[in-house]
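Beneath this line is the structure, given in structure tokens, with notes to follow.
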Amino acid sequence: LFLHLIRVLCVGVATGCTYYAYRNLPLAMATSIGMTGPLFITVLSLIFLKDSIALSKWGLILFGYLGVLVIVRPHEMAISLGVWVELVANLFAAFAIICTKLLSRTESTRTLMLYTTTATTVIAGLFVLGVWKTPDPQDLILLMAVGASGVFSQFCYVKALKYARPSYLAPFEYTRL
């Protein structure tokens, strides 16, 4: 139960920080900084899961990270609060992935998704109570489609973590660039 609570906390903090970053940074920059996730995942896998990570994998991760640096161009901008918040989001997301890997040894994919999705929905619902605006029916249909895609994506990722190490899966994140 404690590890489930830690995972929910990590997912909640990562989500909140990500929303903050996307609201306060240009979309391309926030997305690019989000690509630092594989580096965090790999380092935490090494520390907490004792993964052995081949030099070639480190090379791929660093190559992908260099791509992030090319897109972000840190030498042309001041590092704002939004950048730091996005990095914190990635750190907490990486911790959530490590927790997911640990929990997947004893829990089913459905159980992991049920606990986390239910808890984060309730927590997010409390935060939006005062500012909630019901979407138009057309927007609601689009949001439901996006939500269904997100649930399917999460299911696939949690299922993949059951069979593979997070450090193996992390470099696949760069395909989103």
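Positions are given from 1 along the sequence.
The structure places NZ of K57 at 13.0 Å from CG of L62, a figure rounded to the nearest 0.5 Å. The CZ atom of F155 sits 5.5 Å away from the OG1 atom of T109 when rounded to the nearest 0.5 Å. A distance of 10.5 Å separates CG in L1 from CD1 in I6, rounded to the nearest 0.5 Å. Rounding to the nearest 0.5 Å places CG of L44 at 8.5 Å from CZ of F40. Here the CZ atom belonging to R7 is positioned 9.0 Å from the OG1 atom belonging to T120, to the nearest 0.5 angstrom. Atoms CD1 and NZ, on I41 and K101 in that order, are 13.0 Å from each other to the nearest 0.5 Å.
Looking at S104 and V158, their side chains never come closer than 4.5 Å, going by heavy atoms from C-beta outward. Annotation: side chain of V13 is in contact with side chain of L9 (closest heavy-atom distance under 4.5 Å). In this structure, H4 and L112 have side chains that are in contact, with non-hydrogen atoms separated by less than 4.5 Å. I98 places none of its side-chain heavy atoms less than 4.5 Å from the side chain of I47. Two residues are said to be in side-chain contact when any heavy atoms from C-beta on lie closer than 4.5 Å; W58 and L46 meet this criterion. The closest side-chain heavy-atom distance from L81 to N24 is not below 4.5 Å.
Note on V43: it clusters hydrophobically with I53, by side-chain heavy-atom contacts below 4.5 Å among ILVMFWY residues. Both L91 and W84 are assigned to one and the same hydrophobic cluster, defined by single-linkage of ILVMFWY side chains at heavy-atom distances under 4.5 Å. The hydrophobic clustering, which links ILVMFWY residues whose side-chain heavy atoms are closer than 4.5 Å, places L39 and L66 together. Clustering ILVMFWY residues whenever any of their side-chain heavy atoms sit less than 4.5 angstrom apart, transitively, puts V11 in a cluster other than the one holding L169. I123 and Y115 fall into different hydrophobic clusters, where Ile, Leu, Val, Met, Phe, Trp and Tyr are joined by side-chain heavy atoms under 4.5 Å apart, directly or via other members.
The two atoms that bring A21 and A30 nearest to each other are O-CB, 4.1 Å, heavy atoms only. Contact between V85 and C17 at its shortest, heavy atoms only, is CG1-O, 3.3 Å. Heavy atoms only, all atoms of each residue included: V151 and M113 are closest at O-CE, 3.5 Å.
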Exercise for review: Could you please spell out the steps behind the side-chain contact (heavy atoms from CB on, under 4.5 Å) verdict for L49 and R165?
Suggested key: CA-CA 9 Å; L49 302 175; R165 297 182 321 269; over 6 Å; no

Check your understanding: Please walk me through it: do Y20 and E86 pass side-chain contact (heavy atoms from CB on, under 4.5 Å)?
Key -> CA-CA 8 Å; Y20 177 88; E86 181 70 7; over 6 Å; no

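Sparse packing is recorded around CG of L55, with 12 or fewer heavy atoms of other residues, nucleotides or ligands lying under 6.0 Å away.
In this structure a side-chain-to-backbone donor-acceptor pair under 3.5 Å is present from T18 to A14. One N or O on the side chain of T36 and one on the backbone of I33 form a donor-acceptor pair closer than 3.5 Å.
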